[in-house]
Amino acid sequence: KLDSPALPDRLHHKYYSNIPNPEVLFTASERAFIRNANASKREFRVLINPDRPPFSSFRDGELCGIFREIADKISQRSGLVFEFVRTADRHDYRRAAANGDIDLIFDLRHDYPNAEKLGYILTDPYFSAVISRLRQRNFSGKPRSVALVRDSDVASSAIQYGLDDMTPFYYDSNQEVIEAVRSGRQDLALVYTRTAEKAIMEDLFGTLEDEVVGGLATPYAIGVNKHC
């Protein structure tokens with residue numbers, strides 16, 4: 001479908017995935033950094049949110065998703081070695097991000113005040129996650145309530161964008177937010193489009209549908225610890 005939010009990713013994968021990677025041209029100081037890191041057998045501690053499927057989650061004890069794939073590609077092309085720090089949930093992830101002993105956060109929202117507060121320097125955004133409304137197919141009328149993941153990037157983006165007089169209800173995980181809509185407790189949820197698509201594919205009774213919110217997305221960058 002031409003209006004599918006996943007179309008750019010699909011076209012990129014179809015036409016560019018088999019093109020050999022061009023050589024990365026590092027500066028002299030970058031080459032020296034990589035050489036010294038490898039000589040000292042340094043492993044960089046990497047953090048990625050485990051509660052953002054399908055972008056990132058643990059499956060059979062292994063971190064997977066697009067953020068992991070990007071980290072693996074950077075490791076492969078730079079020669080740097082990454083240690084992926086496992087966290088139990090998004091609360092554990094936030095605690096780890098604030099502890100100061102993480103070298104790289106691969107899914108840090110491109111928000112300078114937030115990065116400064118955590119003690120990280122941001123790269124340019126490399127990925128933007130589109131946000132959708134997830135609701136029941138038979139819902140009609142004006143939505144009065146919206147389910148959001150507490151302290152999430154989606155919630156931050158949605159509040160800045162405006163909630164159109166809807167009352168927000170906060171939950172601790174994406175799964176709880178989806179269940180709030182499925183059960184009818186809330187009229188709709190704001191989640192990433194890929195998260196909504198995954199929920200719809202897993203909905204055996206076909207009760208859910210989604211709609212992309214125009215202009216609402218979260219840009220992601222890599223956060224580099226200032227002391228790294």
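Since the structure is predicted, the reported quantities are computational estimates derived from the model, not experimental observations.
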Between the side chains of [X] and [Y], is a donor N or O closer than 3.5 angstrom to an acceptor N or O?
X	Y	value
Tyr93	Asp107	yes
Tyr171	Gln186	yes
Ser157	Thr218	yes

Atom pair [atom1] ([X]) and [atom2] ([Y]), whose distance is rounded to the nearest 0.5 Å:
X	Y	atom1	atom2	result
Ile200	Thr195	CD1	OG1	11.0 Å
Leu80	Arg42	CG	CZ	9.0 Å
Asp151	Arg90	CG	CZ	9.0 Å
Gln76	Phe82	CD	CZ	11.5 Å

Between Lys73 and Glu69, does any side-chain N to carboxylate O distance fall below 4.0 Å? no

How about [X] and [Y]: do any of their side-chain heavy atoms sit closer than 4.5 Å?
X	Y	value
Ile48	Phe55	no
Glu209	Arg135	yes
Leu122	Leu108	yes

Check Phe106, Tyr192, Phe67 against Phe127 for a ring pair (Phe, Tyr, Trp, His ring centres under 6.0 Å) and give me the one that passes. Phe67

Is there a chain of hydrophobic side chains (I, L, V, M, F, W, Y, each step under 4.5 Å between heavy atoms) that links Val154 to Leu216? yes

